[in-house]
There are 2 protein chains.
Amino acid sequence: MRISRETDYAIRCLIFMARRPLKVHTVMEVARPRGIPPSFLAKILQKFVKSGILSSARGVRGGFRLTRSPADITLLQVIEAVEGPISLNDCMVERETCSLASRCAAHSAWKEIQGVLAAKLGEYTIRMLADQEEYTPAFEAGIAEEGP
Amino acid sequence: MRISRETDYAIRCLIFMARRPLKVHTVMEVARPRGIPPSFLAKILQKFVKSGILSSARGVRGGFRLTRSPADITLLQVIEAVEGPISLNDCMVERETCSLASRCAAHSAWKEIQGVLAAKLGEYTIRMLADQEEYTPAFEAGIAEEGP
DNA sequence: CTCATATCGGACAATATCTATCTGATTTGA
DNA sequence: TCAAATCAGATAGATATTGTCCGATATGAG
Ligand code: FES
Ligand code: FES
């Protein structure tokens with residue numbers, strides 16, 4: 001009942017990138033200031049590429065860039081990009097894993113609760129979170145670089 | 001972002017016991033019809049005793065019994081009895097685990113979402129779930145025993 | 001009193017998942 | 001041609017989950 005470290009990294013990363021939405025970021029540029037293991041972050045960014053949240057370019061001036069406005073990226077989308085479709089119980093995705101499958105009294109309850117959770121996660125955008133960051137000089141150091 | 005097998009077992013178990021709220025159930029009497037590994041269930045039941053949802057008695061006519069009405073046991077209470085206080089992110093319990101601790105933009109969002117989730121879990125009672133079970137003969141076989 | 005029946009408490013083993021790293025391949029632009 | 005970067009996959013290490021076992025303890029029946 002807890003998000004993974006990976007998801008936490010993923011959100012931190014997007015909040016960071018959202019402050020320069022047009023810049024092409026390399027893995028290192030994001031990993032260092034946010035304290036994320038670079039090679040782990042690389043994996044996360046590739047999931048974002050596959051789910052369409054980021055685009056990537058290889059080679060010398062390559063890196064990753066947001067494909068849409070931070071205001072259009074919700075926490076739900078981020079979590080599902082990283083963890084796959086959210087499901088509170090195994091049986092939500094394949095019902096057979098519950099041995100009581102045919103008449104489980106809890107199933108519909110879980111479905112409703114999951115719906116409420118997903119709806120709530122869909123209300124929060126990366127933009128909202130990025131706007132909340134304090135802009136202190138020390139913090140700015142991490143993002144004070146040239147870019148488009 | 002998913003409940004554990006243990007929690008799933010825990011809920012199944014309470015739904016089963018709720019159908020004979022006054023009966024003293026042994027581990028085996030609950031484990032078999034619900035398909036829960038007996039020695040694993042024993043651990044779960046002990047957590048319930050510690051959290052006050054069940055009382056226990058040792059010895060010959062011993063077993064476990066609900067300490068209050070199924071209508072007064074919520075999913076939230078069950079989950080917290082088994083998994084401990086719910087927290088969607090590590091930092092919700094000890095903030096220091098997030099390296100950005102002092103100014104994490106996501107923190108307040110998680111707090112709100114967690115609040116919504118907890119509130120929703122608090123709406124569902126074991127009674128509500130138990131009432132939903134279908135009463136078919138085959139199913140009844142599992143609970144057709146004498147008792148108080 | 002004795003004994004079968006249960007819970008209690010802890011240690012323990014087997015998996016599975018999560019976290020992280022490394023490597024070689026590929027693409028790109030200077 | 002070469003350095004900079006992503007891409008894809010294998011793999012290792014740490015941690016959490018799932019499940020088992022056993023000795024201790026308490027209890028009521030006979
Ligand atoms: S089958 Fe979904 S909760 Fe049991
Ligand atoms: S400190 Fe809580 S989400 Fe980062």
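Predicted model, so just to flag it, every value in this text is computed and none were measured. Throughout, a chain's letter reflects where its sequence line sits, starting with A, and its residues are numbered from 1.
- The aromatic ring centres of Y9(B) and F40(B) sit less than 6.0 Å apart.
- Rounding to whole angstrom units, CZ of residue R5(B) and C1' of dG19(D) are separated by 13 Å.
- Look at CE on M28(B): it is 13 Å from C1' on dT5(C), rounded to the nearest Å.
- Closest approach to the F64(B) side chain among dC8(C), dC7(D), dT21(C) is made by dC8(C) (side chain taken as heavy atoms from C-beta onward).
- Summarising the geometry, the separation between NZ on K43(B) and C1' on dG10(C) is reported as 6 Å, rounded to the nearest angstrom.
- Comparing dT19(C), dT20(D), dA8(D) by their closest approach to the side chain of K50(A) singles out dA8(D).
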Verify side chain to side chain contact (heavy atoms under 4.5 Å, CB included) between R5(A) and D8(A), making sure each step is shown before the conclusion. CA-CA 5 Å; R5(A) 203 105 213 76; D8(A) 187 68; 3.8 Å; yes
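- Using a 4.0 Å heavy-atom distance criterion, T26(B) is classed as a sugar-phosphate-only contact.
- Within 4.0 Å of A57(A), counting heavy atoms only, lie sugar-phosphate atoms of the nucleic acid but no base atom.
- Atom CZ of R2(A) is separated from atom P of dT15(D) by 15 Å (rounded to the nearest Å).
- One can place CE of M1(A) at 16 Å from C1' of dT17(D), the figure rounded to the nearest angstrom.
- Ion pairing between a basic and an acidic side chain is recognised when a charged N comes within 4.0 Å of a carboxylate O; K23(B) and E29(B) show such pairing.
- Protein atom CD1 of I44(B) is 14 Å distant from nucleotide atom C1' of dT20(D), rounded to whole Å.
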Could you go through I86(A) and I79(A), starting from their C-alpha distance and side-chain angles, then the distance that decides it, and tell me whether this counts as side chain to side chain contact (heavy atoms under 4.5 Å, CB included)? CA-CA 8 Å; I86(A) 73 171; I79(A) 292 173; 3.9 Å; yes
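- S4(B) has no side-chain polar atom (N or O) that falls below the 4.0 Å cut-off from OP1 or OP2 of dA16(D).
- Of all heavy-atom pairs between R68(A) and I73(A), the closest is NE-CG1, 3.9 Å.
- Ranked by how close their nearest DNA chain C nucleotide is to the 5' end, V60(A) and Y9(A) are led by Y9(A).
- The side chain of R58(B) approaches dA26(D) more closely than any other nucleotide in the set dA11(C), dA20(C), dA26(D).
- Taking atom CZ on F40(B) and atom C1' on dT18(D), their separation rounds to 5 Å, with Å as the unit.
- For S56(A), a side-chain nitrogen or oxygen approaches OP1 or OP2 of dC7(D) to under 4.0 Å.
- The interatomic distance linking K47(A) (NZ) with dA8(D) (P) rounds to 14 Å, in whole Å.
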